[in-house]
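Chain naming here is simple, since letters A, B, ... match the order of the sequence lines and numbering starts at 1 in each. Note that the structure is predicted; figures quoted are calculated from it, not measured.
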There are 2 protein chains.
Amino acid sequence: MVYFMTSSKDEACGTVCHGNVACQDCSLHQLCLPVGLDSADLALLDRIIRRRRPLRRGEYLFRAGDPMRAVYAVRSGSVKTFTCSSDGDEHVTGFHLPGELIGLDAIGAAVHPRSARALETSSVCEVAYEGLEELSMKIRGLQRQLLRLMSREIHHDETMMILLGGMAAEGRLAALLSNIAARVGERGFSPRAFHLSMSRNDIGSYLGLAVETVSRLFTRLQAEGLLSVQRKQVMIHDPDRLRRLAGVCGDGAYQSR
Amino acid sequence: MVYFMTSSKDEACGTVCHGNVACQDCSLHQLCLPVGLDSADLALLDRIIRRRRPLRRGEYLFRAGDPMRAVYAVRSGSVKTFTCSSDGDEHVTGFHLPGELIGLDAIGAAVHPRSARALETSSVCEVAYEGLEELSMKIRGLQRQLLRLMSREIHHDETMMILLGGMAAEGRLAALLSNIAARVGERGFSPRAFHLSMSRNDIGSYLGLAVETVSRLFTRLQAEGLLSVQRKQVMIHDPDRLRRLAGVCGDGAYQSR
DNA sequence: CGCGGACATTGACACAGATCAATAAAGTGC
DNA sequence: GCACTTTATTGATCTGTGTCAATGTCCGCG
């Protein structure tokens, strides 16, 4: 039996209550859109942002096909994006942690190509897209950060393509866990022990594996002493070996700035 | 024995000689960065673009790890982007046709994360990135088009993730062929008969399949009467059925504007 | 023109991971 | 606290593709 010493549910990454703070006071401002902006700029940015009531687990942020009027920044909790194929079952395209932007794939067609729903109670900032476009013309740092975030998303998605096209099941899970660990770490929580807000089903869908395979892999990685897992609580014992298993996809697009 | 009536090698998509024309006179200006710009804007854009001598087949445009100073627009020919894993073999991340931008994944880290080399004799416009950033602050239409192109790339990469994570071999190839057909069509060539500039190896690497599987699939699709293929010449007989095989990944991110 | 190397095709076989099925454990509501 | 649903785990079997091997075809070069 394994006990976890860190992050009870209430202090897990992203579930801290941020209240209705402005960007200026948001603890995520060094990860999110505000990077590189001064207070005057932040005040302008705040004007195009609406903080909505928190989403409950399972609630939709938007649905595939909705007209795109805003992009969204996760403020707390976590959100998944996914498509539904004609025969009903869904395919997960991303997991989004606090400070990350959602909806950047919708700018091209002005329509959201995927749906987004909360994996747990989550709050989200709605950034009016017209305003964002407008403001990026005025604030160089904002334009730069927006382009940077989009570029990193492209890089991350390419890495996923390499992962899905080139790696066996074990490497895929190792890469996902390494990546989540790194992102959790960036947000000031322990990258060694964290809570997985998504189900095994979601993980399988995201990694192109059957649920059963995901489950077996967790068991195997635990047996090999790489990590301990108890339902959704994960503790990484050997991050290096995990990263090695993940090969070129080990770091993810989120580690560098 | 099957004969192809269209597109001899010299008129194939992208191999037309464009000379050293300015954006204003470039036949690709309704696909590339210039979308929505007037002549005055185009003159400014031209100032940050350098047309380089054509690349020969196999020549590198840049290598993974190179500092990012520019993004590139394919003007003629075609280019692949790829990573090399530690053990030497490469994984293809994209095929790029005339009018498409390369290097957008490098903005975030200011370093190219992948290598790019020409699949055939190709010419490329080099767009100085600093200049582009600068100019997008001044020209609203340019900023808008840059964001649109990046967003579409994200959407396309997500579609590839769904493809690689969710579809069997046949669906993957069908999706790639549908996608290439659509892009070739957008460029004014027949979407029914075109030349594949990449090798079976490249296709396999891109789709996460063994070369042998790709080969067998071509044979099978031909036997089923969906298409005819002779080495690199492809003729699509039943585009609808091909798209149906490709499922949700049938259209690709390139068809709509 | 013919030789050599790269690329493509085809066949035989093996295996990673999907699928089917059953059980267990954890939430959730009354 | 107890049924009920959902989610996770484990086992047994089946199959699509990868791998290995051999052959065929094209293309560039001397």
Side-chain angles (χ1 to χ4, degrees), chain A residues 1-2 4 9 56-58 80 85 87 89-92 117 119-121 163-174 176-177 195-223 227-234 245, chain B residues 1-2 4 8-9 56-58 80 85 87 89-92 117 119-121 163-174 176 195-223 227-234 245:
Chain A
M1 184 62 71
V2 182
F4 294 95
K9 219 166 194 176
R56 270 165 310 184
R57 178 182 148 79
K80 72 169 172 182
S85 55
D87 52 346
D89 53 25
E90 56 184 57
H91 191 109
V92 173
R117 51 198 305 212
L119 286 165
E120 60 196 305
T121 304
L163 189 79
L164 296 171
M167 308 244 302
E170 192 178 60
R172 297 188 199 184
L173 185 59
L176 176 63
L177 291 175
H195 180 85
L196 293 172
S197 56
M198 68 294 287
S199 70
R200 299 286 191 268
N201 236 305
D202 288 336
I203 294 177
S205 168
Y206 184 61
L207 296 179
L209 301 171
V211 207
E212 294 93 326
T213 306
V214 174
S215 201
R216 279 186 252 269
L217 284 171
F218 271 121
T219 316
R220 187 156 98 213
L221 292 179
Q222 173 158 295
L227 49 78
S228 333
V229 58
Q230 238 174 359
R231 286 280 154 155
K232 312 208 142 176
Q233 270 300 322
V234 176
L245 275 183
Chain B
M1 182 63 70
V2 182
F4 294 96
S8 81
K9 217 166 195 176
R56 271 164 309 184
R57 179 180 146 79
K80 72 170 172 183
S85 56
D87 51 347
D89 53 26
E90 56 184 58
H91 191 107
V92 174
R117 50 199 303 213
L119 286 165
E120 61 195 306
T121 304
L163 190 79
L164 296 171
M167 306 244 301
E170 193 179 58
R172 298 189 199 184
L173 185 58
L176 176 63
H195 180 85
L196 293 172
S197 55
M198 69 294 287
S199 70
R200 299 286 192 267
N201 236 306
D202 288 336
I203 294 176
S205 167
Y206 184 62
L207 296 179
L209 301 171
V211 207
E212 294 92 327
T213 306
V214 174
S215 202
R216 280 186 254 268
L217 285 170
F218 270 120
T219 316
R220 185 157 99 214
L221 293 179
Q222 173 157 293
L227 49 79
S228 333
V229 58
Q230 240 175 355
R231 284 282 153 150
K232 313 209 140 178
Q233 271 299 322
V234 177
L245 275 184

side-chain contact (heavy atoms from CB on, under 4.5 Å) against [X], all qualifying residues, sequence neighbours excluded:
X: A:Arg57; result: none
X: B:Ser199; result: B:Asn201, B:Asp202, B:Lys232
X: A:Thr219; result: none

task: Could you tell me whether the phosphate oxygens of C:dC7, OP1 or OP2, come under 4.0 Å of any side-chain nitrogen or oxygen in B:Arg231?
output: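 Negative; the distance criterion is not met.
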- prompt: Quick one: is A:Thr219 getting a side-chain N or O under 4.0 Å of the D:dT10 phosphate, OP1 or OP2?
  reply: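 Checking A:Thr219 against D:dT10: at least one side-chain N or O falls below 4.0 Å of OP1 or OP2.
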field: B:Arg231: salt bridge (Lys or Arg N to Asp or Glu O under 4.0 Å) partners, not counting sequence neighbours
entry: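 Here no residue qualifies.
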field: B:Glu212: partners by salt bridge (Lys or Arg N to Asp or Glu O under 4.0 Å), with sequence neighbours left out
entry: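 Checked B:Glu212 against salt bridge (Lys or Arg N to Asp or Glu O under 4.0 Å); zero matches.
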- prompt: Are the side chain of B:Arg117 and the backbone N or O of B:Gly58 linked by a donor-acceptor pair below 3.5 Å?
  reply: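 It does hold such a pair.
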field: Angle by which the axis turns from one end of the helix from C:dC1-D:dG30 to C:dC30-D:dG1 to the other, five pairs per end, to 10 degrees
entry: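 Computed from the C1' atoms at both ends, the axes differ by 50°.
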- prompt: Which residues pass the side chain to side chain donor-acceptor pair (under 3.5 Å) test with A:Ser197, sequence neighbours left out?
  reply: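 In terms of side chain to side chain donor-acceptor pair (under 3.5 Å), with neighbours along the sequence ignored, A:Ser197 is linked to A:Ser78.
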Rounded to whole angstroms, how far apart are [atom1] on [X] and [atom2] on [N]?
X: B:Gln230; N: C:dT9; atom1: CD; atom2: P; result: 11 Å
X: B:Arg200; N: D:dG24; atom1: CZ; atom2: P; result: 19 Å
X: B:Ile203; N: D:dT17; atom1: CD1; atom2: P; result: 16 Å
X: B:Asp89; N: D:dT19; atom1: CG; atom2: P; result: 10 Å
X: A:Gln233; N: C:dG27; atom1: CD; atom2: C1'; result: 16 Å
X: B:Asp202; N: C:dA6; atom1: CG; atom2: C1'; result: 13 Å
X: A:Leu119; N: D:dT7; atom1: CG; atom2: P; result: 12 Å
X: A:Arg57; N: C:dG27; atom1: CZ; atom2: P; result: 10 Å

query: Using a cut-off of 4.0 Å on non-hydrogen atoms, how would the nucleic acid contact of B:Ser199 be classed: base, sugar-phosphate, or nothing?
result: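 Sugar-phosphate only.
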task: Using a strict cut-off of less than 4.0 Å between a Lys/Arg side-chain nitrogen and an Asp/Glu carboxylate oxygen, indicate whether A:Glu90 and A:Lys80 qualify as a salt bridge.
output: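 Result for this pair is yes, salt bridge flagged.
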message: For a quick check, with a 4.0 angstrom heavy-atom cut-off, what is the B/S/- contact string for nucleotides 11-17 of chain C, read 5' to 3'?
response: BB----S
query: Listed by chain and number, what are the ring-ring contact (aromatic ring centres under 6.0 Å, His included) partners of A:Phe218, not counting sequence neighbours?
result: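 For A:Phe218, no residue satisfies ring-ring contact (aromatic ring centres under 6.0 Å, His included) once neighbours in sequence are set aside.
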